[in-house]
Amino acid sequence: MEHAEYVTELAAGSHWSLRMRRGTRMTLTDLEGGANVGMLFYNPESLLERYNAPDTLKCQHTFRLTRGHCLYSDMGRIFASIIEDSIGWHETVCGNSHPDQVAARWGGRDYQQDRNDWHQNGHDAFLVELAKYGLGRADLAANLNLFSKVVTDADGNLQRITDHSPAGSRVTLRFEMDTLVLLHTCPHPLDRSAAYPARPVQVSLGVAEPVAADDYCRNFRPENRRGFANNALYHLGQG
Amino acid sequence: MLVTSAREPDQAALRQVIAAGDYYIGRVAAGHALRILDLEGNQAADTLFYNASDPTERYSAMDTIREQGNVYLTAGSVLRSNGNRPMLEIVADTCGRHDTLGGACATESNTVRYDLEKRCMHACRDSWMLAVTEHPEFGICKRDISHNINFFMNVPVTTEGGLTFEDGISAPGKYVELVALMDVVVLISNCPQLNNPCNGYNPTPVELLVWDH
(Lines give C-alpha, C1' and ligand atoms only; values in the text may rest on other atoms or scores of the structure.)
Protein backbone atom coordinates (compact mmCIF):
# COMPACT_ATOMS: atom_id res chain seq x y z
CA MET A 1 0.00 0.00 0.00
CA GLU A 2 1.13 3.50 -0.78
CA HIS A 3 2.10 5.82 2.01
CA ALA A 4 -0.93 7.14 3.88
CA GLU A 5 -0.95 10.69 5.18
CA TYR A 6 -3.77 10.05 7.62
CA VAL A 7 -5.40 6.93 9.05
CA THR A 8 -8.45 6.87 11.25
CA GLU A 9 -11.15 4.46 12.34
CA LEU A 10 -14.85 5.15 12.05
CA ALA A 11 -16.84 3.33 14.68
CA ALA A 12 -19.99 1.49 13.66
CA GLY A 13 -23.06 3.65 13.20
CA SER A 14 -20.99 6.80 12.60
CA HIS A 15 -20.97 9.52 9.99
CA TRP A 16 -18.38 11.95 8.66
CA SER A 17 -17.80 14.35 5.80
CA LEU A 18 -14.65 15.82 4.29
CA ARG A 19 -13.39 17.53 1.20
CA MET A 20 -11.05 15.40 -0.88
CA ARG A 21 -8.81 17.19 -3.35
CA ARG A 22 -8.32 16.11 -6.94
CA GLY A 23 -5.48 13.56 -7.03
CA THR A 24 -5.98 12.17 -3.55
CA ARG A 25 -7.14 8.70 -2.59
CA MET A 26 -9.23 7.10 0.12
CA THR A 27 -8.87 3.46 1.14
CA LEU A 28 -11.66 1.93 3.21
CA THR A 29 -11.00 -1.30 5.11
CA ASP A 30 -13.74 -3.48 6.59
CA LEU A 31 -11.93 -4.30 9.82
CA GLU A 32 -14.17 -7.07 11.17
CA GLY A 33 -16.18 -8.17 8.11
CA GLY A 34 -19.80 -7.41 7.26
CA ALA A 35 -19.41 -3.62 7.16
CA ASN A 36 -21.46 -1.22 5.08
CA VAL A 37 -20.33 2.27 4.09
CA GLY A 38 -22.97 4.63 2.70
CA MET A 39 -21.37 7.35 0.58
CA LEU A 40 -22.43 10.42 -1.41
CA PHE A 41 -20.43 12.98 -3.41
CA TYR A 42 -21.01 16.69 -4.09
CA ASN A 43 -18.99 19.29 -5.95
CA PRO A 44 -17.82 21.78 -3.28
CA GLU A 45 -17.76 24.54 -5.93
CA SER A 46 -21.39 23.90 -6.90
CA LEU A 47 -23.31 21.80 -4.42
CA LEU A 48 -26.05 21.21 -7.01
CA GLU A 49 -23.68 18.83 -8.77
CA ARG A 50 -23.85 15.46 -7.06
CA TYR A 51 -23.22 11.77 -7.45
CA ASN A 52 -25.60 10.27 -9.97
CA ALA A 53 -26.07 6.51 -9.59
CA PRO A 54 -28.22 6.02 -12.71
CA ASP A 55 -25.70 7.82 -14.93
CA THR A 56 -22.87 5.84 -13.31
CA LEU A 57 -24.59 2.50 -13.92
CA LYS A 58 -25.95 3.06 -17.40
CA CYS A 59 -22.86 4.61 -18.94
CA GLN A 60 -20.79 1.62 -17.81
CA HIS A 61 -23.57 -0.91 -18.48
CA THR A 62 -23.29 -2.26 -14.97
CA PHE A 63 -25.42 -2.92 -11.90
CA ARG A 64 -22.47 -3.68 -9.60
CA LEU A 65 -19.47 -1.45 -8.96
CA THR A 66 -15.87 -2.64 -8.72
CA ARG A 67 -12.31 -1.83 -9.86
CA GLY A 68 -12.27 0.05 -13.16
CA HIS A 69 -15.59 1.75 -12.64
CA CYS A 70 -15.83 5.52 -12.37
CA LEU A 71 -18.36 7.30 -10.15
CA TYR A 72 -20.07 10.05 -12.14
CA SER A 73 -21.80 13.29 -11.29
CA ASP A 74 -25.01 14.45 -12.97
CA MET A 75 -22.85 16.82 -15.06
CA GLY A 76 -20.98 14.09 -16.94
CA ARG A 77 -17.86 14.37 -14.78
CA ILE A 78 -16.05 11.79 -12.68
CA PHE A 79 -15.85 12.40 -8.95
CA ALA A 80 -13.81 9.28 -8.24
CA SER A 81 -12.46 6.09 -9.80
CA ILE A 82 -12.38 2.72 -8.04
CA ILE A 83 -8.69 1.89 -8.42
CA GLU A 84 -8.52 -1.10 -6.06
CA ASP A 85 -11.18 -3.49 -4.82
CA SER A 86 -10.72 -6.81 -3.04
CA ILE A 87 -14.35 -8.05 -3.19
CA GLY A 88 -15.69 -7.29 -6.67
CA TRP A 89 -19.14 -5.96 -5.92
CA HIS A 90 -20.54 -2.83 -4.26
CA GLU A 91 -24.13 -1.72 -4.70
CA THR A 92 -25.74 1.65 -5.32
CA VAL A 93 -29.52 1.13 -5.60
CA CYS A 94 -30.87 0.23 -2.15
CA GLY A 95 -30.50 3.57 -0.38
CA ASN A 96 -30.41 3.84 3.39
CA SER A 97 -31.91 2.40 6.52
CA HIS A 98 -34.60 4.64 8.01
CA PRO A 99 -35.05 5.32 11.74
CA ASP A 100 -38.33 3.39 12.03
CA GLN A 101 -36.81 0.35 10.30
CA VAL A 102 -33.78 0.29 12.59
CA ALA A 103 -36.02 0.69 15.63
CA ALA A 104 -38.31 -2.13 14.49
CA ARG A 105 -35.42 -4.52 13.86
CA TRP A 106 -33.00 -3.75 16.65
CA GLY A 107 -34.58 -1.28 19.03
CA GLY A 108 -34.69 2.50 18.95
CA ARG A 109 -31.92 5.04 19.16
CA ASP A 110 -31.34 5.64 22.87
CA TYR A 111 -28.44 7.97 23.61
CA GLN A 112 -28.89 8.05 27.39
CA GLN A 113 -28.46 4.31 27.63
CA ASP A 114 -26.23 3.53 24.67
CA ARG A 115 -24.17 6.73 24.30
CA ASN A 116 -22.33 6.60 20.98
CA ASP A 117 -23.22 2.95 20.50
CA TRP A 118 -26.78 4.10 19.80
CA HIS A 119 -28.56 2.65 16.79
CA GLN A 120 -27.90 5.29 14.18
CA ASN A 121 -29.50 4.90 10.73
CA GLY A 122 -28.12 5.85 7.34
CA HIS A 123 -30.88 8.30 6.41
CA ASP A 124 -30.44 10.47 9.49
CA ALA A 125 -26.64 10.17 9.27
CA PHE A 126 -26.71 11.75 5.81
CA LEU A 127 -29.18 14.45 6.89
CA VAL A 128 -26.79 15.51 9.66
CA GLU A 129 -23.82 15.78 7.30
CA LEU A 130 -25.87 17.47 4.54
CA ALA A 131 -27.05 20.17 6.93
CA LYS A 132 -23.43 21.16 7.66
CA TYR A 133 -23.21 22.48 4.10
CA GLY A 134 -26.64 24.08 3.93
CA LEU A 135 -28.09 21.03 2.20
CA GLY A 136 -31.11 18.96 3.10
CA ARG A 137 -33.47 16.20 2.10
CA ALA A 138 -33.85 17.60 -1.41
CA ASP A 139 -30.13 17.05 -1.99
CA LEU A 140 -30.14 13.36 -1.12
CA ALA A 141 -29.45 11.03 -4.01
CA ALA A 142 -29.03 7.31 -4.50
CA ASN A 143 -25.91 6.55 -2.48
CA LEU A 144 -23.16 3.98 -2.67
CA ASN A 145 -23.34 1.08 -0.24
CA LEU A 146 -19.72 -0.06 -0.25
CA PHE A 147 -18.96 -3.63 0.93
CA SER A 148 -22.60 -4.60 0.25
CA LYS A 149 -23.81 -6.86 -2.56
CA VAL A 150 -27.36 -7.22 -3.82
CA VAL A 151 -28.25 -9.42 -6.78
CA THR A 152 -31.41 -9.88 -8.84
CA ASP A 153 -33.01 -12.92 -10.42
CA ALA A 154 -34.57 -13.06 -13.90
CA ASP A 155 -37.78 -11.50 -12.56
CA GLY A 156 -35.95 -8.64 -10.89
CA ASN A 157 -36.27 -9.88 -7.31
CA LEU A 158 -33.58 -8.36 -5.09
CA GLN A 159 -31.49 -10.28 -2.62
CA ARG A 160 -28.74 -9.05 -0.31
CA ILE A 161 -25.83 -11.49 -0.12
CA THR A 162 -24.77 -12.14 3.47
CA ASP A 163 -21.10 -12.67 4.37
CA HIS A 164 -20.05 -10.85 1.20
CA SER A 165 -17.28 -8.81 2.82
CA PRO A 166 -14.72 -10.72 4.93
CA ALA A 167 -12.56 -8.97 7.51
CA GLY A 168 -9.78 -7.03 5.78
CA SER A 169 -11.78 -6.29 2.60
CA ARG A 170 -10.57 -3.09 0.98
CA VAL A 171 -11.67 -0.62 -1.65
CA THR A 172 -9.71 2.43 -2.82
CA LEU A 173 -11.15 5.52 -4.50
CA ARG A 174 -9.03 8.02 -6.40
CA PHE A 175 -10.60 11.47 -6.65
CA GLU A 176 -10.58 12.95 -10.15
CA MET A 177 -11.90 16.37 -9.05
CA ASP A 178 -12.35 18.16 -5.75
CA THR A 179 -15.14 16.31 -4.00
CA LEU A 180 -17.20 16.75 -0.87
CA VAL A 181 -17.55 13.22 0.52
CA LEU A 182 -20.33 12.26 2.92
CA LEU A 183 -20.08 8.83 4.47
CA HIS A 184 -21.64 6.71 7.18
CA THR A 185 -21.03 3.28 8.67
CA CYS A 186 -24.68 2.45 9.37
CA PRO A 187 -26.19 -0.94 8.52
CA HIS A 188 -27.29 -1.76 4.99
CA PRO A 189 -31.07 -1.32 4.76
CA LEU A 190 -31.57 -4.97 3.79
CA ASP A 191 -29.38 -6.31 6.62
CA ARG A 192 -31.53 -8.71 8.65
CA SER A 193 -28.89 -9.67 11.24
CA ALA A 194 -30.25 -10.67 14.61
CA ALA A 195 -28.30 -7.92 16.37
CA TYR A 196 -27.57 -4.38 15.15
CA PRO A 197 -24.58 -4.97 12.86
CA ALA A 198 -21.91 -2.82 14.49
CA ARG A 199 -18.92 -2.88 12.13
CA PRO A 200 -16.06 -0.36 12.27
CA VAL A 201 -14.25 0.81 9.15
CA GLN A 202 -10.71 2.12 8.74
CA VAL A 203 -10.27 5.19 6.55
CA SER A 204 -6.83 5.83 5.06
CA LEU A 205 -6.14 9.02 3.11
CA GLY A 206 -3.18 9.89 0.93
CA VAL A 207 -1.95 11.29 -2.35
CA ALA A 208 -2.61 9.10 -5.40
CA GLU A 209 -0.17 8.25 -8.14
CA PRO A 210 -0.76 10.46 -11.20
CA VAL A 211 -3.24 9.12 -13.74
CA ALA A 212 -1.15 7.52 -16.49
CA ALA A 213 -2.13 7.26 -20.15
CA ASP A 214 -2.69 3.53 -19.69
CA ASP A 215 -4.67 3.96 -16.46
CA TYR A 216 -6.98 1.03 -15.84
CA CYS A 217 -10.07 3.06 -14.92
CA ARG A 218 -9.65 5.62 -17.68
CA ASN A 219 -9.39 2.85 -20.26
CA PHE A 220 -11.93 0.49 -18.70
CA ARG A 221 -14.58 1.65 -21.16
CA PRO A 222 -14.66 4.26 -23.95
CA GLU A 223 -17.25 6.12 -21.86
CA ASN A 224 -14.67 6.58 -19.11
CA ARG A 225 -12.19 8.13 -21.54
CA ARG A 226 -14.89 10.66 -22.42
CA GLY A 227 -15.64 11.21 -18.72
CA PHE A 228 -11.95 11.95 -18.11
CA ALA A 229 -12.07 14.35 -21.08
CA ASN A 230 -14.96 16.18 -19.41
CA ASN A 231 -12.90 16.45 -16.22
CA ALA A 232 -9.95 17.77 -18.22
CA LEU A 233 -12.18 20.47 -19.69
CA TYR A 234 -13.45 21.34 -16.21
CA HIS A 235 -9.85 21.78 -15.03
CA LEU A 236 -8.70 23.68 -18.13
CA GLY A 237 -6.15 26.26 -17.07
CA GLN A 238 -5.54 24.67 -13.66
CA GLY A 239 -2.61 22.61 -14.87
CA MET B 1 -47.98 -8.27 -14.25
CA LEU B 2 -50.52 -7.38 -16.93
CA VAL B 3 -53.62 -5.68 -15.55
CA THR B 4 -56.12 -3.69 -17.62
CA SER B 5 -58.14 -0.76 -16.34
CA ALA B 6 -61.91 -0.26 -16.37
CA ARG B 7 -61.58 3.53 -16.53
CA GLU B 8 -63.06 5.01 -19.70
CA PRO B 9 -61.03 7.62 -21.60
CA ASP B 10 -64.16 9.64 -22.42
CA GLN B 11 -64.78 10.12 -18.70
CA ALA B 12 -61.30 11.52 -18.04
CA ALA B 13 -61.13 15.01 -16.54
CA LEU B 14 -57.93 15.72 -18.50
CA ARG B 15 -56.62 14.37 -21.77
CA GLN B 16 -53.35 15.89 -22.85
CA VAL B 17 -51.07 14.75 -25.63
CA ILE B 18 -47.41 15.34 -24.78
CA ALA B 19 -45.57 15.86 -28.04
CA ALA B 20 -42.29 14.11 -28.76
CA GLY B 21 -39.52 15.84 -26.80
CA ASP B 22 -41.98 17.97 -24.78
CA TYR B 23 -42.86 17.99 -21.08
CA TYR B 24 -45.90 18.00 -18.81
CA ILE B 25 -46.12 19.28 -15.24
CA GLY B 26 -49.30 19.34 -13.17
CA ARG B 27 -51.08 18.30 -10.00
CA VAL B 28 -52.92 15.07 -9.36
CA ALA B 29 -55.00 14.96 -6.19
CA ALA B 30 -55.04 12.06 -3.75
CA GLY B 31 -57.50 9.42 -4.94
CA HIS B 32 -57.33 10.54 -8.55
CA ALA B 33 -55.91 8.34 -11.28
CA LEU B 34 -53.48 9.10 -14.06
CA ARG B 35 -52.67 7.02 -17.11
CA ILE B 36 -49.76 7.39 -19.49
CA LEU B 37 -50.64 6.01 -22.89
CA ASP B 38 -47.94 5.04 -25.39
CA LEU B 39 -49.67 6.20 -28.57
CA GLU B 40 -47.30 4.88 -31.22
CA GLY B 41 -45.19 2.40 -29.23
CA ASN B 42 -41.62 2.16 -27.85
CA GLN B 43 -41.73 5.63 -26.31
CA ALA B 44 -40.03 6.26 -22.96
CA ALA B 45 -41.80 8.62 -20.53
CA ASP B 46 -39.28 9.88 -17.96
CA THR B 47 -41.36 10.67 -14.89
CA LEU B 48 -40.88 12.24 -11.47
CA PHE B 49 -43.39 12.70 -8.66
CA TYR B 50 -43.40 15.22 -5.79
CA ASN B 51 -45.46 15.73 -2.67
CA ALA B 52 -47.56 18.71 -3.83
CA SER B 53 -47.28 20.47 -0.46
CA ASP B 54 -43.52 19.85 0.03
CA PRO B 55 -41.47 19.03 -3.07
CA THR B 56 -38.45 18.06 -0.96
CA GLU B 57 -40.44 14.86 -0.52
CA ARG B 58 -40.32 13.10 -3.88
CA TYR B 59 -40.33 9.78 -5.64
CA SER B 60 -37.39 7.66 -4.52
CA ALA B 61 -36.27 4.79 -6.72
CA MET B 62 -34.18 3.34 -3.88
CA ASP B 63 -36.96 3.27 -1.32
CA THR B 64 -39.39 1.89 -3.90
CA ILE B 65 -37.30 -1.01 -5.14
CA ARG B 66 -35.93 -1.86 -1.70
CA GLU B 67 -39.35 -2.03 -0.06
CA GLN B 68 -40.93 -4.08 -2.86
CA GLY B 69 -37.80 -6.25 -3.15
CA ASN B 70 -37.75 -5.95 -6.93
CA VAL B 71 -36.01 -3.63 -9.37
CA TYR B 72 -38.83 -3.44 -11.95
CA LEU B 73 -42.12 -1.55 -11.69
CA THR B 74 -45.48 -2.98 -12.73
CA ALA B 75 -49.08 -3.31 -11.50
CA GLY B 76 -49.03 -3.61 -7.71
CA SER B 77 -45.86 -1.54 -7.30
CA VAL B 78 -46.20 1.14 -4.64
CA LEU B 79 -44.09 4.18 -5.49
CA ARG B 80 -42.43 5.42 -2.31
CA SER B 81 -40.92 8.76 -1.37
CA ASN B 82 -37.50 9.67 0.03
CA GLY B 83 -39.30 9.65 3.38
CA ASN B 84 -40.20 6.02 2.63
CA ARG B 85 -43.92 6.86 2.41
CA PRO B 86 -46.36 5.57 -0.24
CA MET B 87 -47.02 8.21 -2.93
CA LEU B 88 -48.81 6.35 -5.71
CA GLU B 89 -49.72 2.80 -6.66
CA ILE B 90 -49.59 1.31 -10.14
CA VAL B 91 -53.08 -0.14 -10.57
CA ALA B 92 -52.97 -1.13 -14.23
CA ASP B 93 -50.20 -1.99 -16.66
CA THR B 94 -50.55 -3.44 -20.15
CA CYS B 95 -46.80 -3.28 -20.79
CA GLY B 96 -45.57 -5.48 -17.93
CA ARG B 97 -42.29 -3.90 -16.89
CA HIS B 98 -40.95 -0.39 -16.41
CA ASP B 99 -37.44 0.77 -15.53
CA THR B 100 -36.32 2.87 -12.58
CA LEU B 101 -32.57 2.17 -12.59
CA GLY B 102 -31.46 3.89 -15.80
CA GLY B 103 -32.35 7.48 -14.95
CA ALA B 104 -32.93 10.18 -17.51
CA CYS B 105 -30.85 11.38 -20.41
CA ALA B 106 -29.07 14.68 -19.98
CA THR B 107 -26.91 16.63 -22.40
CA GLU B 108 -23.97 16.06 -20.03
CA SER B 109 -24.42 12.31 -19.73
CA ASN B 110 -24.88 12.10 -23.50
CA THR B 111 -21.29 13.32 -23.89
CA VAL B 112 -20.11 10.36 -21.83
CA ARG B 113 -22.40 7.74 -23.30
CA TYR B 114 -22.20 8.65 -26.98
CA ASP B 115 -19.82 11.41 -28.02
CA LEU B 116 -18.41 14.64 -26.62
CA GLU B 117 -19.83 16.47 -29.62
CA LYS B 118 -23.40 15.33 -28.89
CA ARG B 119 -23.69 17.74 -25.98
CA CYS B 120 -26.22 19.94 -27.76
CA MET B 121 -28.74 17.21 -28.58
CA HIS B 122 -32.10 17.57 -26.82
CA ALA B 123 -32.43 15.56 -23.61
CA CYS B 124 -34.95 14.80 -20.87
CA ARG B 125 -33.20 16.85 -18.23
CA ASP B 126 -33.36 19.94 -20.43
CA SER B 127 -37.12 19.45 -20.72
CA TRP B 128 -37.34 19.25 -16.93
CA MET B 129 -35.19 22.36 -16.55
CA LEU B 130 -37.57 24.27 -18.84
CA ALA B 131 -40.61 22.86 -17.03
CA VAL B 132 -39.50 23.94 -13.56
CA THR B 133 -38.35 27.34 -14.84
CA GLU B 134 -41.61 28.02 -16.70
CA HIS B 135 -43.64 26.82 -13.71
CA PRO B 136 -42.14 28.32 -10.56
CA GLU B 137 -45.54 27.87 -8.87
CA PHE B 138 -44.62 24.26 -8.08
CA GLY B 139 -41.51 25.27 -6.12
CA ILE B 140 -39.32 22.71 -7.88
CA CYS B 141 -35.72 23.44 -8.88
CA LYS B 142 -32.65 21.59 -10.10
CA ARG B 143 -31.85 20.12 -6.68
CA ASP B 144 -35.24 18.37 -6.74
CA ILE B 145 -34.51 16.68 -10.06
CA SER B 146 -33.49 13.15 -9.27
CA HIS B 147 -33.65 9.45 -10.02
CA ASN B 148 -36.80 8.96 -12.11
CA ILE B 149 -39.05 6.29 -13.57
CA ASN B 150 -38.73 5.37 -17.24
CA PHE B 151 -42.20 4.19 -18.11
CA PHE B 152 -42.19 1.80 -21.09
CA MET B 153 -38.41 1.29 -20.90
CA ASN B 154 -36.84 -2.15 -20.60
CA VAL B 155 -33.49 -2.23 -18.75
CA PRO B 156 -32.80 -5.78 -17.57
CA VAL B 157 -30.24 -6.50 -14.85
CA THR B 158 -28.23 -9.68 -15.36
CA THR B 159 -27.40 -12.12 -12.59
CA GLU B 160 -23.70 -11.26 -13.14
CA GLY B 161 -24.40 -7.63 -12.31
CA GLY B 162 -24.65 -6.18 -15.81
CA LEU B 163 -27.18 -3.63 -16.98
CA THR B 164 -28.54 -4.02 -20.51
CA PHE B 165 -30.70 -1.77 -22.65
CA GLU B 166 -33.13 -3.86 -24.62
CA ASP B 167 -35.62 -2.93 -27.27
CA GLY B 168 -38.82 -1.69 -25.70
CA ILE B 169 -41.55 -4.16 -24.79
CA SER B 170 -44.16 -1.48 -25.27
CA ALA B 171 -46.35 -1.10 -28.35
CA PRO B 172 -49.02 1.28 -29.68
CA GLY B 173 -51.90 1.59 -27.20
CA LYS B 174 -50.06 0.16 -24.19
CA TYR B 175 -50.46 2.09 -20.97
CA VAL B 176 -49.66 2.32 -17.29
CA GLU B 177 -52.15 3.70 -14.77
CA LEU B 178 -51.54 4.95 -11.23
CA VAL B 179 -53.69 6.12 -8.34
CA ALA B 180 -52.27 8.93 -6.21
CA LEU B 181 -52.09 8.16 -2.49
CA MET B 182 -51.24 11.78 -1.63
CA ASP B 183 -51.57 15.06 -3.54
CA VAL B 184 -48.73 14.92 -6.03
CA VAL B 185 -47.10 16.94 -8.77
CA VAL B 186 -46.22 14.85 -11.82
CA LEU B 187 -43.36 15.92 -14.07
CA ILE B 188 -42.96 14.05 -17.35
CA SER B 189 -40.37 14.38 -20.07
CA ASN B 190 -41.45 12.63 -23.23
CA CYS B 191 -37.97 11.37 -24.00
CA PRO B 192 -36.21 12.93 -27.03
CA GLN B 193 -33.25 10.51 -27.04
CA LEU B 194 -32.09 9.60 -30.57
CA ASN B 195 -28.95 7.62 -29.69
CA ASN B 196 -30.36 4.39 -28.27
CA PRO B 197 -33.35 2.10 -28.74
CA CYS B 198 -35.38 3.47 -25.78
CA ASN B 199 -37.65 5.29 -28.26
CA GLY B 200 -37.00 3.00 -31.19
CA TYR B 201 -34.81 5.87 -32.57
CA ASN B 202 -38.08 7.65 -33.32
CA PRO B 203 -39.56 9.82 -30.53
CA THR B 204 -43.37 9.94 -30.71
CA PRO B 205 -46.20 11.46 -28.60
CA VAL B 206 -47.69 9.99 -25.44
CA GLU B 207 -51.05 10.91 -23.92
CA LEU B 208 -51.73 11.71 -20.30
CA LEU B 209 -55.20 11.01 -18.96
CA VAL B 210 -56.37 12.00 -15.46
CA TRP B 211 -59.60 10.87 -13.80
CA ASP B 212 -61.01 12.57 -10.73
CA HIS B 213 -62.29 9.26 -9.42
Side-chain angles (χ1 to χ4, degrees), chain A residues 47-50 52-66 70 72-78 88-89 91-96 98 100-101 123 135-143 149-159 189-190 222-227 229-230 233, chain B residues 50 54-58 60-74 80-84 97 99-116 118-119 125 140-148 150 155-165 196:
Chain A
L47 294 168
L48 286 172
E49 181 176 359
R50 62 191 178 212
N52 190 299
D55 284 1
T56 296
L57 297 182
K58 73 184 171 192
C59 83
Q60 297 172 100
H61 295 248
T62 191
F63 180 69
R64 70 189 173 113
L65 295 171
T66 185
C70 296
Y72 282 82
S73 83
D74 65 280
M75 297 299 283
R77 291 186 272 263
I78 298 168
W89 193 306
E91 75 91 0
T92 189
V93 303
C94 287
N96 291 291
H98 287 266
D100 57 333
Q101 296 173 321
H123 184 75
L135 305 178
R137 177 164 73 164
D139 303 287
L140 274 174
N143 52 286
K149 177 178 183 178
V150 293
V151 298
T152 63
D153 65 16
D155 296 321
N157 296 303
L158 268 176
Q159 183 191 356
L190 293 178
E223 289 88 348
N224 290 357
R225 284 196 288 275
R226 295 193 284 270
N230 281 341
L233 179 61
Chain B
Y50 300 87
D54 176 7
T56 70
E57 182 172 25
R58 62 179 181 233
S60 166
M62 304 88 77
D63 291 277
T64 297
I65 67 177
R66 184 188 67 242
E67 296 302 315
Q68 72 169 11
N70 192 292
V71 294
Y72 307 123
L73 304 180
T74 186
R80 305 183 76 87
S81 75
N82 53 354
N84 202 23
R97 178 186 280 186
D99 165 65
T100 193
L101 294 176
C105 59
T107 57
E108 293 79 6
S109 65
N110 280 350
T111 67
V112 175
R113 293 189 73 193
Y114 307 112
D115 192 293
L116 295 169
K118 291 194 172 185
R119 66 172 59 85
R125 192 165 68 168
I140 296 170
C141 61
K142 196 245 184 187
R143 66 199 295 229
D144 304 305
I145 298 298
S146 149
H147 201 147
N148 58 290
N150 293 306
V155 184
V157 178
T158 69
T159 50
E160 297 77 30
L163 194 67
T164 53
F165 292 82
N196 74 40

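Residue numbering restarts at 1 for every chain, and letters A, B, ... go by the order of the sequence lines.
- By number of non-hydrogen pairs under 4.5 angstrom with chain B, the leading residue of T92(A), L65(A), D74(A), D155(A) is D74(A).
- Looking at H61(A), both its backbone and its side chain come within 4.5 Å of chain B, counting heavy atoms on both sides.
- Side-chain atoms of Q60(A) come within 3.5 Å of backbone atoms of T56(A) as a donor-acceptor pair (strictly under, hydrogens ignored).
- Looking at heavy atoms from C-beta onward, V112(B) lies out of side-chain contact with D55(A) at the 4.5 angstrom threshold.
- If you measure heavy-atom distances from E91(A) to chain B, you find no contacts under 4.5 Å at all.
- Contact annotation for A142(A): both backbone and side-chain heavy atoms come within less than 4.5 Å of a heavy atom of chain B.
- The residue among K58(A), R64(A), R77(A), E223(A) with the most heavy atom pairs within less than 4.5 Å of chain B is K58(A).
- For chain B, the option among A138(A), G76(A), G227(A), A154(A) with the highest count of heavy-atom pairs below 4.5 Å is A138(A).
- Contact of E57(B) with chain A is made through backbone and side chain together, with heavy-atom distances under 4.5 Å.
- Of the two parts of F165(B), only the side chain, counted from C-beta on, holds a non-hydrogen atom closer than 4.5 Å to a non-hydrogen atom of chain A.
- The distance from atom CG of N148(B) to atom CG of L101(B), rounded to the nearest 0.5 Å, is 10.5 Å.
- Of the atoms belonging to N96(A), it is backbone heavy atoms, and not side-chain ones, that fall under 4.5 Å from chain B.
- Using a 4.5 Å cut-off between heavy atoms, N110(B) does not touch chain A at all.
- Residue N52(A) comes nearest to S73(A) through the heavy atom pair CB-C, 3.9 Å, listed as atom of the first residue, atom of the second, then distance.
- Side-chain atoms of R58(B) do not come within 3.5 Å of backbone N or O of N82(B) as any donor-acceptor pair.
- Most heavy-atom pairs under 4.5 Å with chain B: of the set P222(A), A53(A), G156(A), this distinction falls to G156(A).
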List the steps and the verdict of side-chain hydrogen bond (donor to acceptor under 3.5 Å, both in side chains) for H98(A) and D63(B).
CA-CA 10 Å; H98(A) 287 266; D63(B) 291 277; 2.6 Å; yes
